[in-house]
Amino acid sequence: MTDQAQIAKRIEYALTKVTKTVFPGRTNHHNTLFGGEALAWMDEVAFIAATRFCRKPLVTVCSDRVDFKESIPAGTIVELVARIEHVGRTSIKVNVDIFVEDMYHDDQHKAISGSFTFVALGPDRKPTPVLS
C-alpha cells in the first residue's frame, strides 16, 4: 500500500462523531450552551480523531477560526463531527462541526465550526513525527 493510500485509510478511520444533549446545567443565562463548553467539546472530539489517526501522545497547540453561527438552546441534541483536514510532519489539523437538532423534530443543521491543531510528542515531550 502506498503512503498516500495509508494516510487516506487512517483519515477515514479517524472520522469521529460524538452525540450529546444540551442540559440546563451547561447553559448560560440565555438558556443556550456556554461557548466555552462548546469549545471544550470540540477540542475533545478533535483530540480523539487526531489520536485515532496517529496513536501517539498529542497536545493542542492551536484553535483556529471558530465560527458560532447560531446559539444552541437547552433541550437540543448536538452531534460533533471531527475530520482530519491536514497531516504535517509533527502536526495534525482537525476540523470540527457541531450540528444541532431539536429533540422532537427531524432537522439537523450546522451551528458551530472550527479547527484545532495538535502536535505529536515523543517520550522526551518534544515534537515527533505523526507518521512513523
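Model, not experiment: these values are computed from the prediction.
Considering every non-hydrogen atom in both P129 and K56, the closest pair reads O-NZ, 2.6 Å. Residue M42 comes nearest to L80 through the heavy atom pair N-CD2, 3.8 Å, listed as atom of the first residue, atom of the second, then distance. The shortest heavy-atom contact between V130 and S91 is CG1-N, 3.9 Å. Across V94 and A50, no two heavy atoms sit closer than the pair CG2-CB, 4.1 Å. Closest approach of P127 to L121, counting heavy atoms only: N-CD2, 4.0 Å.
Looking at heavy atoms from C-beta onward, T76 lies out of side-chain contact with E101 at the 4.5 angstrom threshold. By the 4.5 Å heavy-atom criterion applied to side chains, D97 and F99 are counted as neighbours. In this structure the side chain of I92 reaches within 4.5 angstrom of the side chain of C54, judged on heavy atoms. Counting heavy atoms from C-beta on, the side chains of E79 and V18 never come closer than 4.5 Å. T19 places none of its side-chain heavy atoms less than 4.5 Å from the side chain of V78. The shortest side-chain heavy-atom distance between T32 and T27 does not fall under the 4.5 Å cut-off. In this structure the side chain of V61 never reaches within 4.5 angstrom of the side chain of F118, judged on heavy atoms. Counting heavy atoms from C-beta outward, F34 and R26 have side chains that stay 4.5 Å or more apart.
Between the CD1 atom of I84 and the OG1 atom of T16 there is a distance of 7.5 Å, given to the nearest 0.5 Å. Taking CG from L33 and NZ from K20, the interatomic distance works out to 10.0 Å, rounded to the nearest 0.5 Å. Rounding to the nearest 0.5 Å places CZ of R10 at 16.0 Å from CG of L15. Atom CD1 of I77 is separated from atom OH of Y104 by 8.5 Å, given to the nearest 0.5 angstrom. Rounding to the nearest 0.5 angstrom, the gap separating the CD1 atom in I72 from the CD atom in E37 is 11.0 Å. Separation of atoms NZ (K110) and CG (D67) is listed at 9.0 Å; rounding is to 0.5 Å.
For R52 and Y13, the positive end sits near the middle of the six-membered ring, less than 6.0 Å away and at most 45° from its axis.
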For this session: List the steps, then state whether side chain to side chain contact (heavy atoms under 4.5 Å, CB included) holds for M103 with T21.
Result: CA-CA 9 Å; M103 189 112 28; T21 303; 3.8 Å; yes

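Within the structure, every pair that satisfies the side-chain hydrogen bond (donor to acceptor under 3.5 Å, both in side chains) test and touches residues 113-130, not counting sequence neighbours, is listed here: K69-S113.
Using a 4.5 Å cut-off between side-chain heavy atoms of Ile, Leu, Val, Met, Phe, Trp and Tyr, with links allowed through other members, V87 and F116 fall into the same hydrophobic cluster. Hydrophobic clustering of Ile, Leu, Val, Met, Phe, Trp and Tyr side chains at less than 4.5 Å, counting indirect connections, unites I7 with L58. Taking hydrophobic clusters as Ile, Leu, Val, Met, Phe, Trp and Tyr residues chained together by side-chain heavy-atom distances below 4.5 Å, I98 does not share a cluster with V81. A continuous path of Ile, Leu, Val, Met, Phe, Trp and Tyr side chains, each step under 4.5 Å between heavy atoms, connects F47 with V66, placing both in one hydrophobic cluster.
Evaluated for a side-chain hydrogen bond (donor to acceptor under 3.5 Å, both in side chains) with N95, the options E85, H86, R83, R65 yield exactly one hit, E85.
Side-chain contact check for E70 and H109: at least one donor-acceptor pair (N or O, by modelled atom type) lies under 3.5 Å.
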